[in-house]
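All heavy atoms count here, side chains included; hydrogens, waters and symmetry mates do not.
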2 protein chains.
Amino acid sequence: MSVPQPVRSPRRRAPRNTLNPDRILDAAIALLDRDGAEAFTMRALAEELGVATMAIYSHFRNKDEISDAVAQRLLDGIELPCGGALAPRCELREVCLGVHRLFTEHPSALQLLTSRPLRGDDAIGVIDRMLALLRRSGLSAKDAVRAQVTLMQYIVGSALWSIRRSRALCEEGARERVRAKFDALSPERYPTLTSLAPELMCAQEDAVAQFEWGLDHLLCGLLAGQGPPED
Amino acid sequence: MSVPQPVRSPRRRAPRNTLNPDRILDAAIALLDRDGAEAFTMRALAEELGVATMAIYSHFRNKDEISDAVAQRLLDGIELPCGGALAPRCELREVCLGVHRLFTEHPSALQLLTSRPLRGDDAIGVIDRMLALLRRSGLSAKDAVRAQVTLMQYIVGSALWSIRRSRALCEEGARERVRAKFDALSPERYPTLTSLAPELMCAQEDAVAQFEWGLDHLLCGLLAGQGPPED
DNA sequence: ACCTGAACACCGTTCAAGT
DNA sequence: ACCTGAACACCGTTCAAGT
């Protein structure tokens with residue numbers, strides 16, 4: 001017969017070197033993807049790793065340092081199209097879609113990213129790639145930089161919007177509530193909005209199509225007058 | 001001689017009806033603007049109001065309800081240009097600038113807004129206005145809705161970016177650190193990025209100019225082929 | 001009805017202690 | 001060097017009690 005154990009922590013002492021920064025980041029991303037940003041807790045992360053909370057502090061100074069490392073890791077892992085196979089404009093489009101896909105696949109990571117101050121070294125590889133493609137499309141140095149920032153801002157804003165929408169839509173009876181709100185609006189005060197209610201309802205549904213529509217028009221504006229479109 | 005008071009709370013009982021939803025929202029916005037989103041605490045809000053923490057719960061069910069009401073209040077208070085005085089395209093530009101200005105003037109409110117699921121009834125007035133202007137610019141019902149969402153996403157992404165950048169830049173010696181990072185980058189791995197370092201450094205400085213540059217090119221892409229530009 | 005303080009179940013992190 | 005539990009100063013919120 002064994003000695004009665006305390007109910008809460010039947011965990012034995014973890015052997016040395018069970019932990020390392022990589023294992024911690026893997027667990028952090030898994031936790032974020034599975035349970036969301038608000039569940040991303042030092043205590044929950046430790047449990048995920050089968051370890052005492054304070055063990056993590058041997059590898060990272062604090063939670064912010066983990067958040068930064070998670071963002072870094074994800075941004076470095078963006079899958080990009082192989083270079084040169086496409087016209088610059090098409091390749092640029094694919095890169096933007098890749099970044100957007102990463103954000104919508106790891107929504108909690110995006111939340112993390114947008115709530116912390118921006119370090120200069122995020123997503124270096126992607127930025128270089130975008131700048132090169134913009135230059136090859138005929139933009140000046142100054143315009144290429146402006147355009148790259150504009151694209152990134154649109155991608156982030158769009159992904160954030162999609163996440164919030166999809167979270168709102170998966171609540172119980174959300175569609176009915178939205179429809180009811182539209183029906184309650186005064187057509188005198190909001191004539192255009194009420195007349196476009198059907199289009200508004202259905203535009204919310206497919207976030208990717210919405211993103212691509214906006215991206216194509218944005219690219220059109222950014223690359224206008226840079227030679228004939230190459231498609 | 002008065003009886004010795006406890007040090008921590010020399011506050012007397014607040015008279016009845018000192019509190020109401022409006023006073024609470026005023027205090028919340030003041031607190032957010034002054035001390036930032038991470039300082040927006042029920043206890044801090046109560047102190048701002050000179051009241052016990054739990055007094056607030058008589059007027060709002062919980063903190064999320066206050067956050068939603070703050071967002072609502074701010075979005076309803078966006079100052080818009082008076083209608084009809086400008087060509088649709090210019091007026092649309094002004095509306096976008098107004099929304100962007102609100103967000104950069106209340107950065108903590110934007111953080112609040114982006115971290116909560118999106119209710120359908122945010123910023124109804126602005127949305128209706130934007131849709132009307134897009135329709136008058138010649139866009140179809142479907143395209144007007146797509147374009148309105150695209151614009152809003154760009155505005156949010158851009159404002160969020162500005163906030164994070166400006167917060168990062170006001171840290172001690174931030175510019176020097178960014179410059180050092182650029183200098184340390186390998187020109188072989190990141191040829192375009194390193195060659196554009198001066199442009200990148202200076203593009204970060206004026207967030208409003210960056211926003212306007214992007215907005216003008218986006219509008220150009222959205223309204224392309226909708227008749228001659230009216231300027 | 002409105003305001004109050006104590007208490008509960010959380011959180012990130014410091015500290016001294018084990019191995 | 002790496003892992004541990006207790007403790008501290010926070011947080012949002014429940015509850016029973018005052019007026």
Side-chain angles (χ1 to χ4, degrees), chain A residues 3-28 31-32 35-70 108 111-112 115-117, chain B residues 3-28 31-32 35-70 108 111-112 115-117:
Chain A
V3 177
Q5 296 286 326
V7 182
R8 285 280 291 179
S9 57
R11 177 170 42 76
R12 313 200 145 277
R13 174 175 262 264
R16 283 177 97 79
N17 301 319
T18 24
L19 240 45
N20 60 57
D22 264 335
R23 257 177 57 67
I24 293 172
L25 292 183
D26 287 340
L31 181 61
L32 280 162
D35 298 338
E38 63 283 0
F40 177 46
T41 284
M42 293 301 278
R43 284 167 166 89
L45 181 55
E47 180 143 21
E48 183 94 8
L49 288 158
V51 113
T53 308
M54 292 315 299
I56 301 170
Y57 284 82
S58 302
H59 303 269
F60 289 94
R61 238 197 304 275
N62 52 39
K63 196 185 176 190
D64 281 353
E65 210 170 85
I66 302 179
S67 300
D68 284 339
V70 164
S108 313
Q111 266 182 278
L112 226 68
S115 64
R116 319 207 6 80
Chain B
V3 177
Q5 295 287 325
V7 182
R8 286 280 290 180
S9 56
R11 178 170 41 77
R12 315 196 145 279
R13 173 174 263 264
R16 283 177 95 81
N17 301 321
T18 25
L19 239 45
N20 60 58
D22 264 333
R23 260 179 52 70
I24 293 173
L25 292 183
D26 286 340
L31 182 60
L32 281 163
D35 298 338
E38 63 283 358
F40 177 46
T41 284
M42 292 302 278
R43 284 167 166 90
L45 182 55
E47 179 144 19
E48 184 94 6
L49 288 158
V51 113
T53 308
M54 293 315 300
I56 301 170
Y57 285 83
S58 299
H59 303 268
F60 289 95
R61 237 196 308 272
N62 53 37
K63 196 185 175 189
D64 280 354
E65 209 171 86
I66 301 179
S67 299
D68 284 339
V70 164
S108 312
Q111 266 182 276
L112 225 70
S115 64
R116 316 205 11 79

Between A:Ala14 and A:Val51, which heavy-atom pair has the shortest distance, and what is it? CB-CG2, 3.9 Å

B:Thr41 has its side chain closest, among C:dT4, D:dC3, D:dG12, to D:dG12

Using atom CD1 of B:Ile56 as one end and atom P of C:dG5 as the other, report the distance to the nearest whole Å. 13 Å

Closest of C:dT13, C:dG5, D:dC3 to the A:Lys63 side chain is C:dT13

Give a yes/no answer on whether the side chain of A:His59 brings an N or O atom under 4.0 Å of OP1 or OP2 in D:dA1. no

Among C:dT4, D:dC2, D:dC3, which nucleotide sits nearest the side chain of A:Asn17? D:dC2

Could you tell me how far apart B:Glu47 (CD) and C:dG5 (P) are, to the nearest whole angstrom? 13 Å

Taking only the side-chain nitrogens and oxygens of A:Tyr57, find out if one of them lies under 4.0 Å from OP1 or OP2 of C:dT13. yes

To check you understand the geometry: which heavy-atom pair defines the closest contact between A:Ala39 and A:Leu31, and what is its length? O-CD2, 4.0 Å

Rounded interatomic separation in angstrom, taking CZ from B:Phe60 and P from D:dG12: 15 Å

State whether A:Ser58 places a side-chain N or O below 4.0 Å from either non-bridging phosphate oxygen (OP1 or OP2) of D:dA1. no

Pair partner, C:dC8 [Watson-Crick or wobble, under 3.5 Å]: D:dG12

N or O in side chain of B:Thr18 less than 4.0 angstrom from C:dC3 OP1/OP2: yes

Expressed in angstrom and rounded to an integer, what is the separation of B:Arg23 atom CZ from C:dC2 atom C1'? 14 Å

Mind calculating the distance between CG (A:Asp64) and C1' (C:dC11) to the nearest angstrom? 14 Å

Could you tell me whether a side-chain N or O of A:Asn62 sits under 3.5 Å from a main-chain N or O of A:Glu65, the two making a donor and an acceptor? yes

Kindly say whether, by distance alone, the side chain of A:Arg16 makes a donor-acceptor pair under 3.5 Å with the base of D:dC3? no

Closest nucleotide among C:dG12, C:dT14, C:dG5 to the A:Met54 side chain: C:dT14

Strand partner of C:dT19, provided both Watson-Crick or wobble distances fall under 3.5 Å: D:dA1

Which atom pair, heavy atoms only, marks the closest approach of A:Leu45 to A:Ile24? CD1-O, 4.0 Å

Do A:Asp68 and A:Phe60 touch side chain to side chain, with heavy atoms closer than 4.5 Å? no

Whole-Å gap separating P (D:dC11) and CZ (A:Arg43): 15 Å

Just how far, in rounded Å, is C1' of D:dG12 from CD of B:Glu38? 17 Å

Hey, is CD on B:Glu47 packed in by over 12 heavy atoms from elsewhere, all under 6.0 Å? no

NA contact type, A:Met42, heavy-atom cut-off 4.0 Å: base, sugar-phosphate, or nothing? sugar-phosphate

B:Arg13 has an atom CZ; how far is it from atom P of C:dG5, in whole Å? 8 Å

Side chain of A:Leu19, heavy atoms from C-beta onward: which of D:dC3, C:dT13, C:dT4 has the nearest atom to it? D:dC3

